[in-house]
2 protein chains.
Amino acid sequence: MSVPLYQAKAEFFKTLGHPARIRILELLSERDHAVHELLAHIDIEPSSLSQQLAVLRRTSLVTSTRVGGEVVYSVSVPEVRDLLLAARRILSGVIAAQGELESELSPTAGS
Amino acid sequence: MSVPLYQAKAEFFKTLGHPARIRILELLSERDHAVHELLAHIDIEPSSLSQQLAVLRRTSLVTSTRVGGEVVYSVSVPEVRDLLLAARRILSGVIAAQGELESELSPTAGS
DNA sequence: TCATCACTTGATAAAGTGTGCAACTGAAAA
DNA sequence: TTTTCAGTTGCACACTTTATCAAGTGATGA
């Protein structure tokens, strides 16, 4: 293999590193969605959504199918869901820790 | 909380989205390392390493302690290790799938 | 004290990313 | 056939990230 694994990992995480792409994956891991359905949940321009979907397509995390007038997206790597859950767990830990630290510094109010 | 969770997640993944930072976390999840030890394993300039360590510090994923002449880093969120393992599993799946696809397209050699 | 090792910081140029607008394609409805 | 809805693509601009070089701090050893 030409690309070292740690670099592939970095690129993988990079594709997860955008709020819209996270939202897309969260919605798609519930069920398949057409683009206009995603659009109803995510507050960005259609062209921007399309671009983020393209990023996810390029990395094979989602696939699209044309169904009549609409394009339906699905996750092609179901394990991504676990990853998002793991991230949430870690994150709540980190955020809680930072919260404590903050309260120690200024016990009256959080910034 | 002011920052929506999906945005916090995106930022979290973004900090993982760099090959040097992945290497650092992998090394640190084995055991603590001084900066010059990391430097021996990761092929980048000291200043660049320092910069990446700063990114990880800012997001509270690692902590540093001065021990005499050297600065020792440790992971402060051990669950990160699971995340890296999960990423590797997902990634090998995706890479394998792409490999198959590639062989179908050109059965003789992979690009 | 002076030199040196171990790191960090600052500045800057180059590369990469994201955003919004306009133009374009395909399918369905009028 | 013409419109309209559903998406995508191209492009210009702003913003961010990264790499590198030079300069600076802190501790140790000569």
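As the structure is a prediction and not an experimental result, all values here were calculated from the model. Chain letters run A, B, ... following the sequence lines, proteins first and then strands; every chain starts at 1.
A heavy atom closer than 4.0 Å to some atom of DNA chain C occurs in A:E45, A:S47, A:S48, these being the qualifying members of residues 25-48 of chain A. Within residues 50-72 of chain A, the residues approaching DNA chain C are A:Q51, A:Q52, A:R66, A:G68, A:G69, by heavy-atom distance under 4.0 Å.
Counting only heavy atoms from C-beta outward, the side chains of B:L38 and B:L53 approach each other to under 4.5 Å. B:V75 has its side chain out of reach of B:V80: every pair of non-hydrogen atoms, C-beta onward, lies at least 4.5 Å apart. Between A:V35 and A:Y73, some side-chain heavy-atom pair lies under the 4.5 Å cut-off.
Residue B:I24 holds its CD1 atom at 13.0 Å from NE2 of B:H41, rounded to the nearest 0.5 Å.
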| field | Test log, rule side chain to side chain contact (heavy atoms under 4.5 Å, CB included), inputs B:L28 and B:H33 | value | CA-CA 6 Å; B:L28 292 185; B:H33 283 72; 3.8 Å; yes

| task | Please test A:F13 against B:I22 for side chain to side chain contact (heavy atoms under 4.5 Å, CB included), starting from the C-alpha separation and ending with a verdict. | result | CA-CA 10 Å; A:F13 285 125; B:I22 294 286; 3.6 Å; yes

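If you measure from atom CD of B:E11 to atom P of D:dC15, you get 17 Å, rounded to the nearest angstrom. We find that CG of A:L49 is positioned 9 Å from C1' of D:dG7, with the value rounded to whole Å. In this structure, A:K14 places its NZ atom 17 Å from P of D:dT16, rounding to the nearest Å. The distance from atom CZ of B:R23 to atom C1' of D:dT18 is 19 Å, rounded to the nearest whole Å. Protein atom CD of A:Q7 is 14 Å distant from nucleotide atom C1' of D:dT18, rounded to whole Å. The interatomic distance linking B:L16 (CG) with D:dT18 (P) rounds to 12 Å, in whole Å. Rounding to whole angstrom units, OH of residue B:Y73 and P of C:dA6 are separated by 15 Å.
The side-chain hydrogen bond (donor to acceptor under 3.5 Å, both in side chains) pairs that include a residue from residues 4-19 of chain A are A:K9-B:E26, where partners are two or more places apart or lie in different chains.
Of the possible polar contacts, one joining the A:S76 side chain to the A:L61 backbone as a donor-acceptor pair under 3.5 Å is found.
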